[in-house]
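Everything on this sheet refers to the single structure shown next.
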Amino acid sequence: MKLLRFIAIFIGIAVLFSSCKSRSKYVEPDNEVGNDTIVDNHSYANLQAINTIHLELELDVNFQNKTIYGVARHEMVNNNAKIAIFDTRNLLIQKVTTGKNDEEQEVDFVIGAMDKDSILGQPLTVSIDPKTTQVNIYYQTTKDSEALDWLDTLSTSSKTKPFLYTQGQAILTRTWIPLQDSPSNRFTYNATVKVPQDLLAVMSAENPKEKNNTGIYNFEMDQPIPSYLISLAVGDIVYHPFDNKCGVYAEKELIANCIYEFEELPKMMSAASSLYGAYQWKQYDLMVLPYSFPFGGMENPRLTFVNPTILAGDRSLVSVIAHELAHSWSGNLVTNRTWDDFWLNEGFTVYFEQRIMEVLYGKETSDILAQLEFQEMQEEMKEILAGKHPEDSQLHLNLKGRNPDDGMTTIAYIKGAFFLKTLESKVGREKFDRFLKHYFNVFQFKTVSTAAFITEMENNLLLSKKLSFDYDEWIFSNGLPKNSVIINSSRLKRMESLAKRFSAGENVFEPVVSYQWQKIKNSKKKKRIKIVSKIKRDDFIVQEWQTFIRGLSDDISIVKLQCLDATFNFSTWGNSEVMAEWFVLNIHRENRIIRPAIEKFISKVGRRKYLLPIYKALASNPEDKLWAKKVFDNSKAYYHAVSRNSIAKLFAN
Ligand code: BES
Ligand code: ZN
């Protein structure tokens, strides 16, 4: 009863505010109705018959019971359909109506069974008539709504205010909004969001810059986007603009660090635009989330979500920002049609990211980053080829019956990027850039399948086979083609050799004494001076140290590891990339002295890229596994479901 009253009050408020809402006026949505070639194995929606072109959300965010009470109003294009099927997962559906606000009528609906592997959730089938173009779903989220991360006050930087953020990609938007959750459909949206008065709400839309005293915020995204890019963050956050187009939101405790770390954002934006065409989304802001965020970054349009581990203090991890910014073209403007085409999002983005890094920091630096990633991909490639699904090493995937998350490997990212780099080296940069610009232009605000990309490449780059390039091998065969470009950074070679020499017992970090003759001023004589040189941590960039750590031999002694840590403080450096790599090596060598540092790190940082290898290494040894399970049990309520579920699998057997 109480709940109903609550919803009634909320609806009242929403109606009051509905006059502020305006309908989409920007770009015609990419209306896919009637296009029966699209099969999305990860959505129940009957998109060929009926699809959303505009979504209006009314959300009441309740921190007391960690629930969002919502109404999702779908404006649809109906191709004579008698049912509309939506995706849902762990939502409570209260009622469904058709018609606009003043002429709403309740209609029948059925919630179908969960798929057998519990990946897709439950279809919500609504009875409509062939003329229906408006379907309104009244619902609330549950404690199992996996997109949502509700953080208690103590898990935030302020330690005084709670926080909520969402993570939609790949198929989690259906856990907080009932909708047609397929990247093949784009729609515009607006939202009225009610939050506690001391918190600010921001979305992947036009955003407020500061709190108001009503706690009610209106949002508009007037450019059509796929469902996985709808996002919301609510917290005690402040905004700092870098210029009139970009800035950063964060808790005030982090904002000074953000200002330093991301100061070059305007430069990145101009670099990106001059490469592949104007930035189309008006505003580009960053939202620095709490540490539990399971990713490094997430490209929600106009508002990239960022993990605070990127705040390394020395701008050494800003390539993540270049990556998310690049998604404003590859991914957000031109979107993978299904999750089997995920490489079109990520491979293009990594390629683009490297090009931005090259403009800002030079080719040597971007090569170092690319080579490091290439090594990671080669490692994972070996595992994939030896595993249950060697076909996952192909760029185009077949994830039918599997979780689209399975496709989130370095194959899509790095093999994808190296495919494009190889293509570039074949046709020349100028021509390749012209093609990419054309590609972003032709498919803007649309979705692309691998087949559509291939046709475009043949017609506009390879000129119908005048230039031969075996793209089939890259896209549809296992492993890495032999013609792949290879990067050889001399700086990384030096680090590898330093690591080898150190592993072999040479004390490469001892001070080295040498003598030099120096002219004496105003005299013809020279004097001999003593020079003591010693390798310092600052002599090399983070990625060089990562290469050093990777280059240490597999059987390096614990004594040597401790000596390195005493000299360079890898365990406490504060650079998450180095720390994660260092911890994994030490776990494999059974160096348990650094357990406190590991525990501190994995109880604070929720980024799956770090947690998974660390927990995996721990779980591979019975003694460590027992300890790791305890740490996991203490932290799992704090981790986002994305990380928690992945780690839980390690302890399942
Ligand atoms: N879009 C991805 C994150 C993602 C992919 C979330 C698939 C859920 C499903 C984002 O752009 C990304 O790739 N983030 C990377 C950073 C990047 C520099 C490779 C990450 O978080 O590690
Ligand atoms: Zn990405």
Side-chain angles (χ1 to χ4, degrees), residues 42 119 146-147 149 165-175 181 183 204 225-231 268 272 286-289 291-301 303-310 312 316-336 338-357 366 369-370 372-374 376-377 380 397 399 402-417 542-543 576-577 580 605-613 640-643 645-646:
H42 296 106
I119 293 166
E146 291 181 349
D149 193 4
Y165 67 86
T166 64
Q167 168 59 39
Q169 199 180 12
I171 53 169
L172 295 180
T173 303
R174 65 189 66 174
T175 74
D181 200 9
S204 49
I225 60 167
S227 55
Y228 74 90
L229 293 176
I230 304 177
S231 57
M268 272 193 181
L286 304 174
M287 169 72 243
V288 178
L289 295 173
Y291 282 91
S292 67
F293 183 49
F295 299 106
M298 176 64 215
E299 67 272 24
N300 299 312
L303 187 69
T304 280
F305 282 7
V306 183
N307 191 295
T309 51
I310 309 303
S316 56
L317 305 180
V318 293
S319 64
V320 173
I321 306 300
H323 178 96
E324 304 313 332
L325 174 63
H327 271 307
S328 306
W329 287 258
S330 42
N332 297 3
L333 204 55
V334 179
T335 306
N336 54 206
T338 71
W339 298 118
D340 288 348
D341 307 304
F342 183 56
W343 77 279
L344 292 175
N345 269 18
E346 297 300 343
F348 277 66
T349 298
V350 171
Y351 174 84
F352 193 169
E353 164 201 339
Q354 292 174 0
R355 295 293 302 274
I356 296 173
M357 293 305 283
S366 80
L369 297 172
L372 221 62
E373 291 175 336
F374 190 74
E376 283 159 33
M377 188 266 287
E380 194 171 18
L397 300 171
L399 296 170
R402 293 169 65 196
N403 195 318
D405 232 30
D406 290 2
M408 201 198 169
T409 70
T410 50
I411 300 301
Y413 286 79
I414 316 300
K415 183 182 170 185
V542 168
Q543 289 75 15
S576 52
E577 290 288 332
V605 176
R607 188 173 171 189
R608 184 170 64 176
K609 179 187 171 196
Y610 303 138
L611 290 182
L612 212 51
H640 185 281
V642 162
S643 292
N645 295 344
S646 302

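Both ligands and their constituent atoms are indexed starting at 1 by order of listing. Every value quoted in this text rests on a predicted model; they were computed, and no experiment measured them.
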For atom 10 (C) of ligand 1, which candidate among A322, G168, G297 provides the closest heavy atom? G297
Is a side-chain donor-acceptor pair under 3.5 Å present for T349 with H327? yes
Rounded to the nearest 0.5 Å, how far apart are OH of Y228 and CE of M298? 6.0 Å
Proximity flag R608 to ligand 1, non-hydrogen atoms under 4.0 Å: no
Around atom 22 (O) of ligand 1, find the nearest protein heavy atom and jot down its residue, atom name and distance. R607 NH2, 2.9 Å
So which protein heavy atom does atom 16 (C) of ligand 1 come closest to, and at what separation? E324 OE2, 3.7 Å
Of all protein heavy atoms, the one nearest atom 2 (C) of ligand 1 is E346 OE2, 3.3 Å
Determine whether the side chain, the backbone, both or neither of H323 has a heavy atom under 4.0 Å from any heavy atom of ligand 1. side chain
Name of the H323 atom (N/O/S only) found closest to the Zn ion (ligand 2): NE2
Are a donor atom and an acceptor atom from the side chains of T410 and E380 found within less than 3.5 Å of each other? yes
Where is the nearest protein heavy atom to atom 13 (O) of ligand 1: which residue, which atom, and how far? Y413 OH, 2.7 Å
Looking only at distance, does E353 have an N or O less than 3.5 Å from an N or O of ligand 1? no
Polar side-chain atom of S292 near backbone of G606 as donor-acceptor pair, under 3.5 Å: no
Any atoms of ligand 1 less than 4.0 Å from a non-hydrogen atom of G296? List them with their elements. 20 (C), 21 (O), 22 (O)
Quick one: look up the protein heavy atom nearest atom 3 (C) of ligand 1 and list residue, atom name and how far away it is. Q169 OE1, 3.7 Å
Any N or O of K609 that comes nearer than 3.5 Å to an N or O of ligand 1? no
Positive for side chain to side chain donor-acceptor pair (under 3.5 Å) with H323, one of E299, Q354, E346: E346
One finds that the ligand 1 atoms under 4.0 Å from a non-hydrogen atom of F342 are 5 (C), 7 (C)
Min heavy-atom dist Y228 to ligand 1 below 4.0 Å: no
Polar contact flag for H327 and ligand 1 (N/O pairs, less than 3.5 Å): yes
Could you grab the distance from atom CD1 of I230 to atom OG1 of T173, nearest 0.5 Å is fine? 6.0 Å
Atom OG1 in T335, atom CG in D341: separation rounded to 0.5 Å? 11.0 Å
Between H640 and F295 (judged by ring centroids, cut-off 6.0 Å), do the two rings come close enough to count as a pair? no
Taking just the N, O or S atoms of E346, which one is nearest to the Zn ion (ligand 2)? OE1
Here the gap from I225 atom CD1 to N300 atom CG, rounded to the nearest 0.5 Å, amounts to 8.0 Å
Approximate separation, where rounding is to 0.5 Å, of N345 CG and N332 CG: 7.5 Å
